[in-house]
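For the single chain, residues carry numbers from 1 onward in sequence order. Heavy atoms only: backbone and side chains are in, while hydrogens, waters and symmetry mates are out. On a predicted model such as this, the values are computed, not experimentally measured, just so you know.
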Amino acid sequence: QVQLVESGGGLVQAGGSLRLSCAASERTTSSYAMGWFRRTPGKEREFVAAISRSGGTTSYADSVKDRFTISRDNSKNTVYLQMNNLKPEDTAVYYCTAGSYIATSTSRWGYWGQGTQVTVSS
């Protein structure tokens, strides 16, 4: 069973930065593609970013492209999401996920963390 634990969320002003981390319970990051999704109240989880097993391929939602960067350190079994120039509309619970390949649909991902809250004030 793969376990994922997110950290790094919090309250930040618009224009600020946060870095989310996702620690895996085993050699997850070398065996799985990793991703980040987010959910706001009343909405479905939406794709944010994903990275391939090797780190050679990344994918981003248009809404975060050029502001967010996903990366991984397989030696630490950790995936990161660097979020810059944050906007109030980025406010959400952010979830880390692991799966067989990069996909924008939640149904393609097999494992999920509990989520970490990110709040961006205007």
How long is the gap from [atom1] on [X] to [atom2] on [Y], to the nearest 0.5 Å?
{"X": "Arg53", "Y": "Ser100", "atom1": "CZ", "atom2": "OG", "value": "6.0 Å"}
{"X": "Ser122", "Y": "Lys87", "atom1": "OG", "atom2": "NZ", "value": "14.0 Å"}
{"X": "Leu81", "Y": "Ser21", "atom1": "CG", "atom2": "OG", "value": "9.5 Å"}
{"X": "Ser7", "Y": "Arg19", "atom1": "OG", "atom2": "CZ", "value": "9.0 Å"}
{"X": "Ser59", "Y": "Lys65", "atom1": "OG", "atom2": "NZ", "value": "7.0 Å"}

Answer with yes or no whether the hydrophobic clustering places [X] together with [Y]; edges join I, L, V, M, F, W, Y residues whose side-chain heavy atoms lie under 4.5 Å apart.
{"X": "Leu18", "Y": "Val64", "answer": "yes"}
{"X": "Phe68", "Y": "Val120", "answer": "yes"}
{"X": "Trp36", "Y": "Tyr95", "answer": "no"}
{"X": "Met34", "Y": "Tyr94", "answer": "yes"}
{"X": "Phe47", "Y": "Val79", "answer": "no"}

Would you say [X] and [Y] make side-chain contact, with heavy atoms under 4.5 Å?
{"X": "Tyr111", "Y": "Tyr32", "value": "yes"}
{"X": "Cys22", "Y": "Tyr80", "value": "no"}
{"X": "Thr91", "Y": "Gln117", "value": "yes"}
{"X": "Glu6", "Y": "Leu20", "value": "no"}
{"X": "Tyr60", "Y": "Thr69", "value": "yes"}
{"X": "Arg38", "Y": "Asp90", "value": "yes"}
{"X": "Ser52", "Y": "Ile102", "value": "yes"}
{"X": "Phe37", "Y": "Val93", "value": "no"}

Over all atoms of both residues, closest heavy-atom pair of Gly35 and Ile70
CA-CD1, 4.4 Å
Nearest heavy-atom neighbours spanning Leu4 and Cys96
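Scanning both residues completely, I find the closest heavy atoms to be CD1-O, 3.7 Å.
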Quick check on Arg108: does its CZ atom have over 12 non-hydrogen neighbours (other residues, nucleotides or ligands) under 6.0 Å away?
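Count not over threshold, so no.
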Given the ring of Trp112, does Arg45 sit roughly above its face, with NZ or CZ under 6.0 Å from the centre of the six-membered ring and within 45° of the axis?
yes
